[in-house]
Structure formats: structure tokens, C-alpha cells
Chemist: 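There's a structure below that I have some questions on.
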Amino acid sequence: MPEIPKTYEPQKYEDKIYALWEKSGKFNPDNLKLPKNAKSYTIILPPPNITDKLHLGHASIIAIEDLLIRFHRMKGYRALYLPGTDHASIATQNVVDKNSLKEKGLTRHDLGREKFLEEVWKFLRVTQATILKQARKMGGSFDWSREAFTLDEQRKKAVTKMFLDMYAEGLVYRGKRIVNWCPRCKSTLADDEVEYKEETGKLYWIKYGPFVLATSRPETKLGDTAVAIYPGDKRYAKMVGKKFLIPGVLGEFEITVVADKEVDPKFGSGAIKVTPAHDFTDYAISQRHNIAMKQIINEDGKMMANCGKYAGLTTTEARKAIVADMEKMGLIDHIEEGYKHNLATCYRCGTTIEPIPSEQWFLAVDKKLKRFGGKSLKEKALEVAKNGKIKFHPFRFTKRYTDWMSNLHDWCISRQIWFGHEFPVWYKGEGDKKEIFVGEKAPKGKGWVKDPDTFDTWFSSGMWSFSTLGWPACAKASAGKPGKIVKTGDLAKFHPTQVLETGYEILTLWVSRMIMMSLFAINEIPFENVYLHGMVLDQFGKKMSKSKGNGINPVDMIEKFGTDAARLSLLIGSTPGNDMRLSEEKIASYRNFVTKLWNIYRYCVHADNRFALVEKVAKKDLKSLSDRWIVSRLNKTIEEITKNFDEYKFSLAGEALEKFIWNDFADWYLEINKIEKKSKVLGYVLDKILKLSHPFAPFVTEKIWQDMCEGRCILMVEKWPVADKKLIDKKSQVDFASLQQVVTKIRNIRTVYHIDPGKTIQVFAKKAENREVLEKLARIKIELVSKIDAKGIVVAEKNTKLTLALTDLVDMEKEKARLEKEITNLESLIVKTETLLKNKNFVKSAPKEIIMINKSKLKEYSEKLKIQKELFDNLVKLC
RNA sequence: GGUUGCUUAGCUCAGUUGGUUAGAGCGUCACAUUGACAUUGUGAAGGUCAGUGGUUCGAGUCCACUAGCGACCACCA
């Protein structure tokens, strides 16, 4: 056996180990030698945006998902971890626009569409490569042969097919709707891409024919077509249904008065002006009351030609001019300053959003569909969460999902962005005569122009669970049953996936869309479980960000401490749905744990030059109390860890593992092994420790495994340990606990009385089990005597009673006080437990087990009390 | 405004359907260490589980209210 270095050096081994795994082909589940009926276990990586390299959040995602994958692979599942990246249309376009082009003083319009897209692809090739390299560094056991990109050829086919199917079903439609419009990006935004910023502005009270009403946007008056009041508002009841001529800056115009419950009678004067073309609420009111729409603001955010002398002004300029003119005309009642309201802005560039009517593609979430037996997409998507087909972890997110889903409006899926999936749509002609062609290929004939828009990025990422698994090629309509879909290939093997693991912040943005799209395309849920992790925060609880400079770069961290330490620190101490703090110190502490693991291995090999890993032990192999105890503890721990994994409690599993390895095995068993010197149990425990630790710390465990088996097998595909119930031995647990307590007590006495730790204490006993172990661990010398004459302190537990010859060194009064305190404590516990057991209500209603536990507790306390009292009396006699 | 989460040791957090004397890591203090361990080991100190009330034989855990902090959603002209 070659000399093993003192510490594990991750930088030296990690890349080699990853290469070994990759070369083995076992990342691809098709290469796992499994029985035909082996179950699949699939996780598809939430595709990181190619806008930037991976951050700690991604590291945490990969740590969690890879843990699940490795655990299930070892358990004998057909484990597939499918990697990929997201083109993130708007985000990417803006990054290229802002960073690469701005330096040269260019905008994308200067370059033109084609040239610009070339720039985007150049940019994304670089970041994409970095991301994929990082994902390897983090140890993710990805099947690279199935790698996907949301904007590659396969996914283009999927998006086109999806749109055509939806169009055929009437699920997507072209409509003129009021949309969130960013005048800078020149694109629509989805509702959840709008960010609200609080702003202090003015509230204008304007004279409005027979009304006085309050508005923060007087310039929209040019587009007013109605006034709305709350139904039954006595102030205005008589006016409802009537038309009025209103004086305005461009002359008089006509409005209708309507009653609508969306109006808040307590706000302003209780009457509001209705501008259907430039306000969402007003649009909704106009729809309900059949009121005409008049657009006055264009796609540049400027006043349109129908605004007379204000045409061409921005909305801000127009507001100033119009207010000035209205003041001259005496139309302003008064102006309220310091009015706080929320301003809608673009989440990418911060520009103020203008609601304007625009022709867009929409997905009708409320349309009743034949394939769902008359249910809508929304209803189906709600159903699968409510009936538990899709489970959320933690559970409370079910409500967030269903609430959001119930309020969902038709989804605007077109974006005026260059970078993204193109619509398979062509137009011919203008205005009322405009013709639309929807199909895979351009229509024949002249004059057809392709729809310049691209899809909302979530449309393609919404298909991620099945577009990565061969859809649409792997889905055929069943010949026999209409509407029924027959899956083949990967889709049949791996869909639905088992877990979607992602941050709770995109639960609505992404998760909901995946559910809808999968239900529509293959009438199947995309995943069985949704596991939501929290955000990774810095040590002060602040969100990590580049501008603050408080971010920890996962690659730096990995270089410094190793991937295993990084993974452990991300997995242990974090719970689903809750944010976690991470500091370098925490990662360093797990680096120490990895070193500990390494040194356990080093000890084993040094202790015995024939040391080998052992698959199984029988009862007869367990020679001493410590053997029986550690093997029993180990099998208990196997049960515990497996159970915690199954329940998504990774942190608890990790803690149980750490406690076993460090506190039980290293601190106690190995110390005793130095005395007892046997290695079969050592080999057995190390074998299991490596397997149990592998999902958390894949590199160091594989490295040790490789060294031990000399490259003949790979830990990654070894079998997950199953607890051997026969080896769980309650008596050894009790006996060993007693031994530990005696040792601890003696050590404690040493500390309390400042006795040199090196000094061997003379001890007398009538009998002593595990004598050698006790002597070495507690640094005592036991002398067996039939009658104890010597003065000393007595230390006693269940099976052991020792008299320490320390009278001269110890302050007897202090020792008496110590015992008295313990006696009082025990007495109060006994009283408490007795009272409880005498309580008729308790005996009547508590479960039998609990009563039993309390009875045995009472017995235990009484025994302890008896021992302590004896010790005390003994001490009194001595003094 | 609506929904939701958090408040447990100096710090960071566990605590699984209510049931041992409420746990861990880091930090602190003391001691030890040439023996597998960029250290590690041993021991100690440190908590009225945010507050109030309720349900229960029994509450850190369930309910109500209060306070502080956070997140998400909606957005009101």
C-alpha cells in the first residue's frame, strides 16, 4: 500500500474522478446494467440562463439534484440527470445590447436583425461553455449525451409543433388586447415581468363636466370614453347610463356613465374617468359595458396623430402641456402633491411601462378543451395540484400555486424581441384585409411576410420536461382512441419525471407553465414532486449580488475548499423553502469534515496492512462490546439516512451521517480500536460510510473507493446499504452508553479539579467490565479488590462502579455540593414523573407507549438516585 | 391591500403526527496534544423556545390575538 498523504487534496483528484465517471458511461442510464423492470428516476436540470456563469444558487440546485440522483442510482433506479441551458430571450438580448454593443456605441437596430443575432450567438457560445464546465466541476452526474438547449433544432421543432397544435385546437389566438408595453425594449411584457416601484407624484383633481375626479395621468383624458362609478353610489345614481359632453383641451368629447363594482367609491370623488386603451382596469370595465376604445399613445410611448397639437410628445411632456392648458381653461380643480403610488416598470431595463392596445398572440387559459373532457387548461392545472398528483415540498407552496393559477389571465406569448423562437406564422395585406397563414412552411404565393415576433421565453422552457425527452417525435396519437397519446423512446421511459427542484421565486413563472404545457401536449403531469429550495444569502442574510460584491463565486469556493465541502455546506443546515446563509467559515468546516473522512481511511490502512473493505458481517464477527455497539449504531444510521432521503430531509440525513462518522466512529470506536486492534468491523463500517456519504461528497468517497478496490469498480454504481435489523442490538447501546458515561465522568472530574490529564489515576473496583478500554480511555489504573478501604470518589453507572483514589486532590465540599445538586435534580424529576403517572386523566388518555416510557423513566431515575445517594453517603463518611 | 413565512444559546440554524432533563455547528473559556486528522481531542459556561391568552392529562410543536422582520401576489384611476 503506498503512503497516503496527510490530507485529501481535492484539486488533485476531482477532474480525474469526473473523467473516470464520464468514461464509464454510467451517467447514461441506458448503460446501467439493470433488470428490465427497474424503475426510472429522472431529474431534468432547470436550464440556467446563458446570460452569465453559474452562481451559488445553481451550485445549490446541482448539489440537491445530484444528491437525489446518486442516491437513486445506487438504489437501483434507472437514474437520469439531464443537463441543458436556457436561451432567455429578453435577458440575453439586453445583455448583448447593453454590454457588447454599447461599448462600440451601437444599438441592435444599427446592426440589423441578422447581424445582431450573430453577435448574440457568439456571446452565448462562450457563456454556455463556461456553464457546462462549471456544472461538471460541481460533480453533477449528468447524462451529457442528452444535453439540450431551449433554442436548438430539437426544441425548435417542439415549439413549432406545440404552437400548431394549440392553434388547431383554438387555444392560441391573435387578439388586440391591452398589454404591458416597454417603449425602450419595444416589446410586450408578461404581467410577472413588470416590476413596481413606489413613486411620489401628483394627483390632479380635474373638472370633468358634471364631475370632479382625481387622476394621476391627466394626459390620458384624450383617450377617455366613459366615466365609471360604484354601483348604487347615491351621488351619481341618476347619471348612470346617460351620455355627457365633456370640455377638454381639444374641444368637447362624449362619455357614457357606467356603474362597475371595480370602482372604489372611497377613492377620490368616487367617479373615475375610463381610458380603455391605456389602463388595465379601464379596459376591463370597457369590455363589460361595451364601451369604445380610443388609442392615443403609440409604441414609442408618444402621443399619436389624433392628439392634435400634442402629437409626438412623450407622455411626460404631454402631461405638462395638457395640465398647463387645462389650468388656463379653468379645468383644474386642485392638485394634490405627495401622492404615493406604484409605477409599473420593465424588469429588464427599468423604463416605465405604457399599457397600450396591441395585436399579439395569446394563450386562452379558460377555453374549454375537448381533449380535457370540456375542462380548461387552467382547470386541469389546478386539479393536478389539488388532488395531490403533483406534490409540493414544502406543502404550503401548493396554496401559492393554486392561488396564482386561479387568477391567471390569458397569457400573451408573443414578444417583439429578435432573439428567440420564431412564430410559424405569415401575414399578407394590411388592416381589415390582412390574411394570416399558420403552418410549418411559408405559404406559396407572393406578398407573405413572416411574423417578426418571437415567443415568450417561458413558452419554450415550459416544454422542458418533455421537449428534452424526444417530444414530439416520441409521441404518437393512438390509432384506436382519439386524443390518447402513445409514448415511445425516452418519453416512455423517463416521463413524467420524478422531481422538479427549483427556487420558489419561479414557482409561478416557470413551474405553472410546465404543468400546463405538459398536460396539453401529452395529457400527463411533467413531474411528480416539486421541491423548492430557498435563496442562498451571504453571512449577514443579504441577497448575494455582483453590485454589492458580497457574492461567493462557486468556482473560487470549489478551488479553495473542494467540491465536496461546497456541496456539504449547501446541503446541511438548509431546509426546503427557507433561505440559507452561507459563509466561507461554514464551507471551511465541511472541508475539515472531508479531511476527517480521509484520515479515517488513512487510519484504517495504517492500522492494518491487510485492511480491506468488508461487505457483510455476521454476529459472530462482533467480538467486543464496541464492535456490537458501532455496528448497531451504523445500521440504525442507515435506516435513518435512507428515511430522511425519502422524505427530502437532506439536512437531517447529513447531520445523522456527520454525527455517526465523527462522534461515534472516529471519536469512540477508532480510539477503542487502537486498544483492541481488530479490523474486520473497521472494514465493514468504512464500506458503509463511503456509500452513505457518496451522494453528499462524491469525489472524496470515490477516490478512497478507487484506492481500496484498485480501480476494479466504481462507487457511484455500488448498491445503497440496507439496514441489517439483526445487527441492531439494544443491549449493546445501553451498555456502551454506560461505559461512555463513566469515562466522561472521570474526565469531567479531572477538569473540575484540575488534575493533570496525563496523570494516571489509581482506581479500585470489585469488578470491572471492559477493563482495558476503561483504563486507556479514562487514563486510570484499575485494581480489583474484594473490599474497598481506600478513601475516594465513587463513579458509578449501570454495570460499573469505580472508586477513584483522589481524596487528597479533590475538594470534598465541592464534590458534595455537586452530588447534592444532582440528587435534587433527580428527586424533582421523580416527583414530576410520579405526579404524571398518578394523574388519572393522563393514564386514561395518553397512549400506552408513552405511559410505558414514563414508567421506565421513573425506574431509571430511581436507580440513578439510589446510586447518587450512596456516593453521597460514602463521601460524608470520608470527610 | 391580500397571502404566506420567520422569531429557539453570543451568532447561524435543526427540532419530522403534541409525549425523555429542548439539540447541533460556529464562537467563548479552561486543559491536553510529536501517534489517522492544514489541527484534533477533552471538559465547561450559555436557553422563562418573541409576547399574551386559549385548547389539552401534557404545548417549542395546535388555535387566537399582539409586536418585529422578510417574501410573494395584486395594484386603485
Side-chain angles (χ1 to χ4, degrees), chain A residues 4 6-9 191-192 194 196 203 213-217 220 228 262-264 266-268 271-275 279-282 285 341-342 344 394 396-397 399-400 403-404 407 504-505 507-508 534-535 539 541 572-575 577-583 585-586 588-593 595-607 643-644 647 649 651-652 655 658-659 663 666-667 670-671 674 743-744 747-752 754-758 777 825-826 828-829 832-833 835-837 839-847 849-851 853-854 856-857 860-861:
Chain A
I4 300 166
K6 273 187 142 186
T7 51
Y8 168 73
E9 292 167 80
D191 290 346
D192 36 44
V194 176
Y196 292 89
L203 188 63
L213 40 83
T215 178
S216 63
R217 300 198 61 187
T220 59
E262 207 157 326
V263 179
D264 178 0
K266 276 173 260 157
F267 184 88
I272 64 167
K273 60 190 216 54
V274 178
T275 322
D279 184 284
F280 285 92
T281 312
D282 293 3
I285 293 173
H341 66 123
N342 281 328
R396 67 183 141 88
F397 283 98
K399 187 171 158 39
R400 189 182 282 188
D403 283 355
W404 188 84
N407 292 321
Y504 57 76
E505 70 277 7
L507 176 66
T508 48
M535 270 189 302
Q539 56 185 320
I572 299 178
S574 83
T575 41
N578 296 321
D579 296 343
M580 73 169 305
R581 298 188 186 193
L582 188 70
S583 57
E585 292 85 77
K586 188 177 177 191
S589 76
Y590 282 105
R591 186 263 328 271
N592 293 351
F593 177 66
T595 309
K596 190 82 189 175
L597 201 59
W598 180 257
N599 275 286
I600 286 172
Y601 152 63
R602 193 162 175 254
Y603 170 82
C604 292
V605 173
H606 281 199
K643 185 170 170 268
N644 282 324
E647 290 170 0
K649 289 172 186 162
S651 183
L652 288 181
E655 280 170 50
E658 194 184 347
K659 193 169 152 42
N663 303 115
D667 290 349
L670 291 191
E671 290 309 314
K674 287 174 186 171
V743 172
T744 304
R747 285 169 176 168
N748 184 345
I749 287 169
R750 273 185 203 277
T751 307
V752 172
H754 303 285
I755 299 164
D756 184 351
L777 290 185
N825 181 27
L826 282 166
S828 75
L829 280 171
K832 207 174 138 190
T833 316
T835 317
L836 184 64
L837 286 168
N839 186 329
K840 277 176 194 159
N841 284 323
F842 171 74
V843 179
K844 201 172 69 189
S845 46
E849 296 161 39
I850 299 297
I851 297 173
I853 287 171
N854 276 288
S856 64
K857 249 188 341 191
E860 193 189 316
Y861 294 152

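Proteins get letters first, then strands, A, B, ... in listed order; numbering begins at 1 in each. Bear in mind that the values here come from a model prediction, so they are computed numbers and not experimental data. The analysis underlying the following values was restricted to heavy atoms, covering all of them including side chains, and did not include hydrogens, waters or symmetry mates.
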Chemist: Once you apply a heavy-atom cut-off of 4.0 Å, does D667(A) come out as touching a base, just sugar-phosphate, or nothing?
Modeler: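 Since only primed, P, OP1 and OP2 atoms lie under 4.0 Å of D667(A), the category is sugar-phosphate.
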Chemist: Do you know which two heavy atoms are closest between G577(A) and R396(A), and how far apart they sit?
Modeler: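 Residues G577(A) and R396(A), closest heavy atoms: O-NH2, 3.8 Å.
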Chemist: When you compare G10(B) with G46(B), how far apart are their C1' atoms, in angstrom units rounded to a whole number?
Modeler: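 One C1' to the other, the span is 8 Å.
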Chemist: Take the protein atom CG of L582(A) and the nucleotide atom C1' of C13(B), then report the distance between them rounded to whole Å.
Modeler: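 Rounded to the whole Å, the gap is 13 Å.
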Chemist: Looking only at non-hydrogen atoms, find the nearest pair between F842(A) and I850(A) and report the distance.
Modeler: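 Here F842(A) and I850(A) meet closest at CZ-CG2, 4.0 Å.
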Chemist: Could you pick out which residue, R591(A) or R581(A), lies toward the 5' side of RNA chain B when each is mapped onto its nearest nucleotide?
Modeler: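 The residue whose closest nucleotide sits nearer the 5' end is R581(A).
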Chemist: Base, sugar-phosphate, or nothing for E860(A), non-hydrogen atoms under 4.0 angstrom?
Modeler: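 Result for E860(A) = nothing.
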Chemist: Heavy atoms only, 4.0 Å cut-off, all strands: where does L203(A) land among base, sugar-phosphate and nothing?
Modeler: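 It contacts nothing in the nucleic acid.
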Chemist: Contact class for F280(A) vs. all strands (heavy atom < 4.0 Å): base, sugar-phosphate, or nothing?
Modeler: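 Counting heavy atoms under 4.0 Å across all strands, no contact is made by F280(A).
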Chemist: Ignoring backbone atoms, test whether K832(A) places a side-chain nitrogen or oxygen under 4.0 Å from the OP1 or OP2 oxygen of G19(B).
Modeler: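 For G19(B), neither OP1 nor OP2 has a side-chain N or O of K832(A) closer than 4.0 Å.
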Chemist: Which value, in whole Å, describes the distance between the C1' atoms of nucleotides C49(B) and G15(B)?
Modeler: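 Per the computed distance, 11 Å lies between those C1' atoms.
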Chemist: When we call it a touch if two heavy atoms are under 4.0 Å apart, what does T833(A) touch: a base, just sugar-phosphate, or nothing?
Modeler: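 No contact at all - T833(A) keeps every heavy atom at 4.0 Å or more from the nucleic acid.
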Chemist: Looking only at non-hydrogen atoms, find the nearest pair between S574(A) and S651(A) and report the distance.
Modeler: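 That would be O-CB, 3.4 Å.
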Chemist: Is T275(A) near enough to A77(B) that one of its side-chain N or O atoms lies under 4.0 angstrom from OP1 or OP2?
Modeler: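 No, no such contact exists.
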Chemist: Looking only at atom types and distance, does a side-chain atom of N407(A) sit under 3.5 Å from a main-chain N or O of D403(A), one as donor and one as acceptor?
Modeler: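 Yes; judged by distance alone, with no hydrogens or angles, the pair exists.
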Chemist: Would you mind classifying the nucleic acid contact of T215(A) as base, sugar-phosphate or nothing, using non-hydrogen atoms under 4.0 angstrom?
Modeler: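 Sugar-phosphate, backbone atoms only, no base.
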Chemist: Are T744(A) and G43(B) close enough that a side-chain N or O sits under 4.0 Å from OP1 or OP2?
Modeler: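 Checking G43(B) against T744(A), a side-chain N or O does come within under 4.0 Å of OP1 or OP2.
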Chemist: Counting heavy atoms from C-beta on, name the nucleotide in A14(B), A36(B), G19(B) closest to the side chain of L652(A).
Modeler: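 The closest nucleotide is A14(B).
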Chemist: Would E860(A) and K857(A) pass as an ion pair if we require N to O under 4.0 Å?
Modeler: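 K857(A) and E860(A): not salt-bridged.
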Chemist: Can you check the Y601(A) OH to C37(B) P distance for me, whole Å?
Modeler: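 That distance rounds to 15 Å.
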Chemist: For RNA chain B, just give me the dot-bracket, please: Watson-Crick or G-U, both distances below 3.5 Å, ( ) intra-strand, [ ] crossing earlier pairs, | paired with another strand, . unpaired.
Modeler: (((((((..((((.....[...)))).(((((.......))))).....(((((..]....))))))))))))....
Chemist: Given the C1' atoms of A64(B) and G70(B), what is the spacing between them in whole Å?
Modeler: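 The answer is 23 Å between these two C1' atoms.
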Chemist: Taking C57(B) as the reference, what is the distance to C62(B) when you measure between their C1' atoms (whole Å, please)?
Modeler: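 These two C1' atoms come out 16 Å apart once rounded.
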Chemist: Could you tell me how far U61(B) sits from G5(B) if I compare only their P atoms? Round to whole Å.
Modeler: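 After rounding to an integer number of Å, I get 15 Å for this pair.
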Chemist: Measuring to OP1 and OP2 of C37(B), would you say a side-chain N or O of K6(A) lies under 4.0 angstrom away?
Modeler: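 Checking C37(B) against K6(A), a side-chain N or O does come within under 4.0 Å of OP1 or OP2.
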Chemist: Checking contacts here: which listed nucleotide (U40(B), U4(B), G15(B)) is nearest the side-chain heavy atoms of K399(A)?
Modeler: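 Closest nucleotide to the K399(A) side chain: U4(B).
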Chemist: If you round to the nearest 0.5 Å, how far is CG of N592(A) from NZ of K596(A)?
Modeler: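 Reported value, rounded in 0.5 Å steps: 10.0 Å.
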Chemist: Counting side-chain heavy atoms from C-beta on, which of C76(B), U21(B), A38(B) comes nearest to K857(A)?
Modeler: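 The listed nucleotide nearest to K857(A)'s side chain is U21(B).
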Chemist: For K6(A) and W598(A), which heavy atoms make the closest approach, and how far apart are they?
Modeler: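 Closest pair (atom of K6(A), atom of W598(A), distance): O-CD1, 3.8 Å.
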Chemist: Could you give the distance from CG (L652(A)) to CD1 (I572(A)), rounded to the nearest 0.5 Å?
Modeler: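 CD1 of I572(A) is found 10.0 Å from CG of L652(A).
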Chemist: When the distance from CG of L836(A) to P of G19(B) is rounded to whole Å, what number comes out?
Modeler: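 Distance, rounded to whole Å: 14 Å.
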Chemist: Whole Å only: how far is the NZ atom of K649(A) from the C1' atom of U17(B)?
Modeler: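 Nearest whole value for this atom pair: 10 Å.
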Chemist: Is a donor-acceptor pair below 3.5 Å formed from side chain E9(A) to base A38(B), judging by atom type as modelled?
Modeler: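 No pair found.
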Chemist: Give one of base, sugar-phosphate or nothing for I853(A), where a contact means two heavy atoms less than 4.0 Å apart.
Modeler: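 No contact at all - I853(A) keeps every heavy atom at 4.0 Å or more from the nucleic acid.
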Chemist: Could you tell me whether S589(A) contacts a base, only the sugar-phosphate backbone, or nothing, with contacts defined as non-hydrogen atoms closer than 4.0 Å?
Modeler: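 S589(A): no heavy atom of the nucleic acid under 4.0 Å.
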Chemist: How long is the line joining CE of M580(A) and P of A14(B), in whole Å?
Modeler: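 Rounded to whole Å, this separation is 10 Å.
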Chemist: May I ask you to say what K674(A) touches in the nucleic acid, namely base, sugar-phosphate or nothing, with a heavy-atom cut-off under 4.0 Å?
Modeler: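 Base, at least one base heavy atom under 4.0 Å.
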Chemist: Could you tell me how far apart I755(A) (CD1) and A30(B) (P) are, to the nearest whole angstrom?
Modeler: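 Checked: the CD1 to P distance equals 19 Å.
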Chemist: Quick check: closest heavy atoms across V263(A) and I285(A), and the distance to 0.1 Å?
Modeler: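 Heavy-atom minimum between the residues: CG2-CD1, 4.5 Å.
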Chemist: U40(B) and A45(B): how far apart are their P atoms, nearest whole angstrom?
Modeler: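 The same atom, P, in both gives a distance of 23 Å.
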Chemist: Relative to the 5' end of RNA chain B, which residue comes earlier, N407(A) or Y8(A), by the nucleotide with the nearest heavy atom?
Modeler: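 In this pair, the answer is Y8(A).
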Chemist: For N748(A), which contact category applies under a 4.0 Å heavy-atom criterion: base, sugar-phosphate, or nothing?
Modeler: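 The residue N748(A) makes sugar-phosphate contact but no base contact.
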Chemist: Classify L670(A) by what it touches in the nucleic acid, base, sugar-phosphate, or nothing, heavy-atom distance under 4.0 Å.
Modeler: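 L670(A): base contact, heavy atoms under 4.0 Å.
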Chemist: Could you state the atom-to-atom distance from CD1 of I600(A) to P of C37(B) in whole Å?
Modeler: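 Going from CD1 in I600(A) over to P in C37(B) covers 13 Å.
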Chemist: Of all the heavy-atom pairs spanning S216(A) and L203(A), show the shortest one and how long it is.
Modeler: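 In this case the closest contact between S216(A) and L203(A) is N-CD1, 3.9 Å.
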Chemist: Taking only the side-chain heavy atoms of S216(A) (C-beta and beyond), determine which of U40(B), A77(B), A14(B) contains the nearest atom.
Modeler: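 Nearest to the side-chain atoms of S216(A), counting from C-beta on, is A77(B).
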Chemist: By the 4.0 Å heavy-atom rule, please label N592(A) as base, sugar-phosphate, or nothing.
Modeler: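 Sugar-phosphate: the residue N592(A), judged by heavy atoms under 4.0 Å, touches backbone atoms but no base.
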Chemist: Under 3.5 Å, is there an N or O donor on one side and an acceptor on the other linking the side chain of T281(A) and the base of A77(B)?
Modeler: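 Donor-acceptor pair under 3.5 Å: no.
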Chemist: So A607(A), base contact, sugar-phosphate only, or nothing? Heavy-atom distance under 4.0 Å.
Modeler: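 No contact.
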Chemist: I want to check one thing: is the phosphate of C13(B), taken as OP1 and OP2, less than 4.0 Å away from some side-chain N or O of N578(A)?
Modeler: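 Answer no for this pair, as no side-chain N or O of N578(A) is under 4.0 Å from OP1 or OP2.
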Chemist: Can you check the distance between A67(B) and A74(B), where both ends of the measurement are the C1' atom (answer in whole Å)?
Modeler: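 Going atom to atom, C1' in each nucleotide, I get 26 Å.
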Chemist: Run through T215(A), T220(A), D282(A), D279(A) and flag the one making a side-chain hydrogen bond (donor to acceptor under 3.5 Å, both in side chains) with K273(A).
Modeler: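 Exactly one candidate clears the test, T220(A).
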Chemist: Please give the distance between the P atoms of C31(B) and A24(B) as a whole number of Å.
Modeler: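 Their P atoms lie roughly 24 Å apart.
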Chemist: Please give, in whole Å, the distance from G70(B) C1' to M535(A) CE?
Modeler: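 Atom CE in M535(A) sits about 9 Å away from atom C1' in G70(B).
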